[in-house]
Amino acid sequence: MLAAVRSAALVGIDAYDVIVEVDAAQGLPQWTIVGLAASAVKESRERVGAALVNSGFKVPSKRITINLAPADVRKEGTAFDLPIAIGILVATGQLHADSVAKRMFVGELGLDGALRTMRGALSIARHALRAGVETLVLPAANVAEAARVSALELSAPPTLSDLARELRGGVLTRAFQSTESSQLNGDATDFADVVGQQAAKRALEVAAAGGHNVLLVGPPGAGKTMLARRMPTILPALGEEEALEVIAIHSVAGVLARSNVNEGTRPFRAPHHSISSAGLIGGGSIPRPGEVSLAHHGVLFLDEMLEFPRHVLDGLRQPMEDAKVVIARASQSVIFPARFTLIGASNPCPCGRAADPLGACSCSATDVERYNARISGPLADRIDMHVTVGAVALRDLSGVSSGDSSPSIRSRVELARATQRKRFARKPGVTCNAYAMGRWLDANTPIHAEARTLLQSAAERLGLSARGYHRVLKVARTIADLEDVTEVAPAHIAEALRYRPRSGGHR
C-alpha cells in the first residue's frame, strides 16, 4: 500500500514542500530511504521504528521504501521523523489516508514516541499558510514560535500515540499560544548609567537614528563596551515583519531558546575575537546563519575588533554592502539576510595607552601603524562613524550622570526614523538613511549651498572615496533628521565630518 504525507524542509530561512511517500510491499523486511537524505534523516529508521513499537503500533515485516520528494534536493535534519511514522501507519493500514489530507506534519520523535523540538518552525508555518495547509502538526515546544502565524491552525499532541488517536477520531486538538509580548523588556541597562562620554553618546544616538556603523576607539576601561551594550535600548522596537524575520533566523540557527527576540527586543550579538569566518559570516557543510545574520535588524558588536583576524573582518564587507549573505555550494545557493548595525571597539595601539592622559604609551610608531592596519581600508571606508572615547577621570566616576536616559534618547530616534520611513516610502527595503543609495540621497537631499561647498572641499582635503563622500552625507542627513529640519546645514556637515577618518584609516 502506498501513502503520501505532506511535510516541509528548509533552504536558508525559507521552507518548501516535501512529500513523504511510503510504500509497504511484500518482500524481505527492510527500510530504504531515498530522496537525497542526509545521515540524520537516514537515522530516522531507528528512531521511528522504536517510537512505533513503544507507542503500541505494529511494524509489519515488509519491505518499506520511503521517498522524500522532490528527490533532487538534499534533505537535512530530524523533522521528517513524524511524517515518516505517520506515512508508515497509513501504508500499513493502521491509519486512514483521509485523516492526513490537508495537514502537514513536522517534528522529531523520541524513542518513546514523544514529539521533540525542531528548527525552523516559524519558516515552515509561514510556508504552510501560503501553501493552503489547514493544520500544521508540530511539537508543543515550537507552538509559541509558529503561533505568530495567527491565521494557521496548529496542533501539538505530546506523543505519537496521542496524535494517532486524534487522527482516527477525525478531530485534532488545537494548540493555542498567546503571541503577545512586551515590546521592550524593562531595559536592564540605560544610557543614564554612563558617566561622561557625551560625545560618544551623541555619536551612538546619531548611529541609532540612521542605522550607521560605528567604531569606538579608546584606552582600556574608557567605557566602550558599556556604551555599545546600551545601543539596543535606544533603538526602535522591532516591527511585526522584522520580528518574524529575526525569529525565523534564530530558529533555523537553533538559538531561539537562548535569545530574547521573542520579547520584542532587537538582537545584540557580541562574538569573541577567536570566531571563525564561517561562524561570523555563516556557512558550514550544512549552511547555517552566522553572527551577522543573527544580528539582523539589530546590533553586531565586535569588542577588541583589531584582535579579529583580518580575513575574518574582511568577510564583513559584502554583508555590510548588500545586507545579505550568499553561501554558494555545488548543489545550491543559500541566502541569509544580514542587515545589522556594526559597532566595533578597539584600542588606539597595542598597549592601549596612546590616547590615555593617565598612562604612557610604550608602542613605537611602526607598532601603532601595523596594529591599525588590521582593519583594511575598504572595511574602514564602510564604517560611517569613527569615534574617539577618552578615559574618564576617577574622581568623576562617583558623580551622578547628567546624560539623557535611554527612553529619552529612544524617543528622538523614533521620530527621526519615522521621518526616514516617509522619505523612503517608495524605496522597498530602505527604512533609514544608512541603507539608501548614495547617489539617490545626494540628488534628493535639500542641502545649503555652503554645506555643499564644505562637503566637497573636505572630501578633497581628507581624500574621501565616493563611498566615503556619500556616507558623510548620509550621517549629515541623519543629524538634520534628529533636529527635524528639512535642509542639511553646514553645521550638520561639520559634525558628520568629525566622525570621518582620513584616507580610509581610523583614528
Side-chain angles (χ1 to χ4, degrees), residues 182-238 242-243 246 258-273 291-292 294-305 339-347 383-393 396-417 432 434 475 478-479 482 495 499:
S182 59
Q183 288 298 299
L184 293 167
N185 61 344
D187 291 347
T189 57
D190 195 297
F191 262 91
D193 301 332
V194 182
V195 176
Q197 305 298 5
Q198 298 304 318
K201 292 179 185 178
R202 166 65 176 178
L204 291 181
E205 179 180 342
V206 173
H212 304 290
N213 303 312
V214 184
L215 177 61
L216 304 174
V217 182
K224 302 185 296 295
T225 301
M226 188 178 186
L227 286 162
R229 290 192 177 277
R230 281 154 177 75
M231 182 71 162
T233 69
I234 64 173
L235 289 172
L238 286 170
E242 290 176 333
V246 172
R258 303 192 300 273
S259 66
N260 63 349
V261 294
N262 273 318
E263 301 170 4
T265 57
R266 292 182 179 268
F268 180 88
R269 305 295 299 184
H272 190 262
H273 57 73
E291 291 292 335
V292 296
L294 293 173
H296 184 55
H297 290 315
V299 176
L300 176 65
F301 176 47
L302 302 185
D303 199 5
E304 302 297 342
M305 187 172 178
R339 173 155 284 172
F340 57 90
T341 297
L342 173 67
I343 300 182
S346 74
N347 296 325
I383 300 177
D384 305 339
M385 305 172 68
H386 296 238
V387 182
T388 299
V389 182
V392 178
D396 295 334
L397 293 178
S398 59
V400 178
S401 174
S402 59
D404 290 343
S405 64
S406 290
S408 175
I409 299 173
R410 185 169 57 240
S411 64
R412 297 195 294 266
V413 169
E414 288 173 342
L415 289 175
R417 287 279 185 120
C432 55
V475 174
T478 300
I479 295 170
L482 281 169
E495 182 177 354
Y499 300 130

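Please read these numbers as outputs of a predicted model, since none were measured by experiment. Values reported hereafter were calculated over all heavy atoms of this structure, with side chains retained and with hydrogens, waters and symmetry mates removed.
Under the rule for a side-chain hydrogen bond (donor to acceptor under 3.5 Å, both in side chains), the partners of His272 that lie at least two apart in sequence or sit in another chain are Ser274. Every side-chain hydrogen bond (donor to acceptor under 3.5 Å, both in side chains) that His297 has, sequence neighbours left out, goes to Glu245. Not counting sequence neighbours, the partners of Arg266 by the salt bridge (charged side-chain N to carboxylate O under 4.0 Å, His left out) test are Glu242. Legend: residues meeting side-chain contact (heavy atoms from CB on, under 4.5 Å) with Ala270, ordered by chain and number and at least two apart, are Arg229, Phe268, Phe301. Checked against side-chain contact (heavy atoms from CB on, under 4.5 Å), Ala416 has the following partners two or more places apart in sequence or in another chain: Ala209, Gln420, Asp481, Leu482. Qualifying side-chain hydrogen bond (donor to acceptor under 3.5 Å, both in side chains) partners for Asn213, counting only residues two or more places apart in sequence or in other chains: none. Under the salt bridge (charged side-chain N to carboxylate O under 4.0 Å, His left out) criterion, Glu495 pairs with Arg202, not counting sequence neighbours. Listed by chain and number, the residues in a salt bridge (charged side-chain N to carboxylate O under 4.0 Å, His left out) with Arg412 are Glu205, Asp404 (sequence neighbours excluded). Listed by chain and number, the residues in a side-chain contact (heavy atoms from CB on, under 4.5 Å) with Ala434 are His212, Asp384 (sequence neighbours excluded).
The main-chain N or O of Leu300 is never found under 3.5 Å from a side-chain atom of Arg269 such that the two would form a donor-acceptor pair. Looking only at distances, a side-chain donor or acceptor of Gln197 sits under 3.5 Å from a matching main-chain atom of Gly390. Using modelled atom types, no side-chain atom of Lys224 and backbone atom of Leu215 make a donor-acceptor pair closer than 3.5 Å. In this structure, His386 contributes its side chain and Tyr499 its backbone to no donor-acceptor pair below 3.5 Å. Arg417 places a side-chain N or O within 3.5 Å of a backbone atom of Ala208 that can act as its donor or acceptor partner.
Between the CD1 atom in Ile343 and the CD1 atom in Ile383 there is a gap of 11.0 Å [rounded to 0.5 Å]. Distance CE/Met305 to CG/Leu342: 5.0 Å, rounded to 0.5 Å. The distance from the OG1 atom of Thr189 to the CE atom of Met231 is 12.5 Å, given to the nearest 0.5 Å. A distance of 13.0 Å separates NE2 of His273 from OG of Ser346, quoted to the nearest 0.5 Å. The line from CG of Asp193 to OG of Ser406 is 7.5 Å long, rounded to the nearest 0.5 Å. Between the OG1 atom of Thr233 and the CD1 atom of Ile409 there is a distance of 7.0 Å, given to the nearest 0.5 Å.
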